[in-house]
Number of protein chains: 2
Amino acid sequence: MSRASERAYNNIRSMILSGELQPGSQIREEALAELCGVSRTPVRDSLRRLEAEMFIRRNDSQRSFVADWSLDDLEDAFQLRAMLEAHAAKRAASRITREQLGRLRHHNAQLKQAIDIPNPDVPKFLDHNRQFHAIIVAAAASERLASMLGQVTEQPVVLRTARQYDLENLRRSHHDHDELLIAFDKRDGEWAAAVMTGHIRRAFHAYAQAHSTDTEIRKSNLAA
Amino acid sequence: MSRASERAYNNIRSMILSGELQPGSQIREEALAELCGVSRTPVRDSLRRLEAEMFIRRNDSQRSFVADWSLDDLEDAFQLRAMLEAHAAKRAASRITREQLGRLRHHNAQLKQAIDIPNPDVPKFLDHNRQFHAIIVAAAASERLASMLGQVTEQPVVLRTARQYDLENLRRSHHDHDELLIAFDKRDGEWAAAVMTGHIRRAFHAYAQAHSTDTEIRKSNLAA
DNA sequence: TGGCAGCTTATTGTATACAAATGGCATTCG
DNA sequence: CGAATGCCATTTGTATACAATAAGCTGCCA
């Protein structure tokens, strides 16, 4: 997609992910158009895309709202993600190349570095983590699977606490990655899938805990 | 979506599914606009949707083509569908209502009728089959899952043979449905999932066989 | 003759104007 | 006083004109 359209999409998407656009709030095409400095046409394109990705919902009369996810929705997304990503790991185990394995090791070493220091570099960890998972999805060699995973991987839920970055969880994540690497090395798809399932489910519980804590904080702020 | 947009989407989609628009052929927005009797705006909307559903692909310079599926693509889609629909069956087993079970039985009886006669009514069978599966997906109560299944359920592959309507397969399908009904009745999600997996995998093999036969016929026609 | 440059044409992207539809508000009638 | 209805404002849908971009062709030059 060319410039205006691309810009609108990225802008709106990041506004949703950052919480700048509040969950549940209505979205007006023209307002977004002004915010992005483009006309309504590319904004409409973006809204359709974001709707397909479930970042945005529309009511029965075509008005758009920022998706407001319940804890159930979150669990649902994570459940699907666990299933799909385990499947990806299984496929990857029999297809992954030496070169991809090497890159996997590289990113895993980097993310270990990011947390094995006095002042953990969480953004660095998250970046290498993302790339680690991306390589596995690529190795699975299924465009459809990749496209579906894209739909459940980024969660439009804003968390104000830092709990999801809990160090212990990050270390366990890294350990899972280590185990995945061995499973891939042995070409054991079942093992890889099992590790991945646990990996994602842990992520869910960390997320859910942060979510509930966050909700509590929000409520008490409201009460005050 | 309102009239023009809706019409354009349905028109284009059915033109792809019917083979009227040949796989691999380029699509021009204006041509479609004329065919549908609307302007390019709703056509563009539709193309974006169809692209997300992988009925259409775009090259690096934004030109659109009707997706051309290989046998591998087909297998990939069926594999994902089997996994997702088994998951749906499992979830449905613990959530399905008496009323939904009743409707399931109704449609299963109808599709049995459609093939248990001297002149089988295949369209009727397919319609009730579709509704049967739709009820299960609804009972699974996951919007995301439903949306993903939508993406892998309809295959833009035109088959000229009638082999996929092979009576024996239809009878086996009906038998699977019977077994699903019992599994639901017993609230046995694992059983339901297992039956569903086999059900979809059989469908794949029937489809694949028809596909290869069809390809053969096409080749010999080409040679003649 | 082969390939590259520049132009021409085909196609998509964007903006804008206008049409349709929806929601909210106020007024009126029971 | 409450509910229903009609009008006005807001928002989205569609068409069209124009801009940008990419593809294909032609002719020139090495």
Check your understanding: Between the axis at one end of the helix from C/dT1-D/dA30 to C/dG30-D/dC1 and the axis at the other (five pairs apiece), what's the angle to 10 degrees?
Key -> 20°

Is it true that, when you exclude [X] itself, more than 12 heavy atoms of the residues, nucleotides or ligands shown sit nearer than 6.0 Å to its [atom1]?
X      : atom1 : value
B/R103 : CZ    : yes
A/R57  : CZ    : no
B/E143 : CD    : no
B/Q26  : CD    : yes

Let me know the distance between [atom1] of [X] and [atom2] of [N], rounded to the nearest Å.
X     : N      : atom1 : atom2 : answer
A/L47 : D/dG13 : CG    : C1'   : 13 Å
A/R40 : D/dG13 : CZ    : P     : 8 Å
A/E6  : D/dT21 : CD    : P     : 14 Å
A/N59 : D/dG13 : CG    : P     : 11 Å
B/R3  : D/dT14 : CZ    : C1'   : 11 Å
B/Q26 : C/dA10 : CD    : C1'   : 9 Å
B/D45 : D/dA15 : CG    : P     : 11 Å
B/I56 : C/dT11 : CD1   : P     : 16 Å

Side chain of [X] - closest among [options]:
X     : options                : answer
B/R63 : C/dA15, D/dA22, D/dG13 : D/dA22
A/P42 : C/dT12, D/dG13, C/dA15 : C/dA15
A/S39 : C/dT16, C/dT12, D/dA15 : C/dT16

Check your understanding: Does any residue of residues 27-35 of chain B have a heavy atom under 4.0 Å from DNA chain C, and if so, which ones, in number order?
Key -> B/I27, B/R28, B/E29

Would a distance-only check, ignoring hydrogens and angles, find a side-chain to backbone donor-acceptor pair under 3.5 Å from [X] to [Y]?
X      : Y      : value
B/N108 : B/L111 : no
A/R44  : B/D45  : no
B/E154 : B/Q151 : no

At under 4.0 Å, does any side-chain N or O of [X] touch on OP1 or OP2 of [N]?
X     : N      : value
A/R44 : D/dG13 : yes
A/R58 : D/dG13 : yes
A/T41 : C/dG13 : no
B/S61 : D/dT21 : no
A/R48 : D/dG13 : yes
B/Q62 : D/dA22 : no

Practice item. Verify the distance criterion only: is there a donor paired with an acceptor across the side chains of A/H133 and A/H199 at less than 3.5 Å? Key: yes

Check your understanding: When you match A/V38 and A/D60 each to their closest nucleotide on DNA chain C, which lands nearer the 5' end?
Key -> A/V38

Practice item. Could you give me the CA-CA distance, side-chain angles and deciding distance for B/S173 and B/D176, then say whether side-chain hydrogen bond (donor to acceptor under 3.5 Å, both in side chains) is met? Key: CA-CA 5 Å; B/S173 266; B/D176 285 345; 5.3 Å; no

Point to revise | Side-chain touch A/E85/A/I136, heavy atoms, less than 4.5 angstrom | key: no

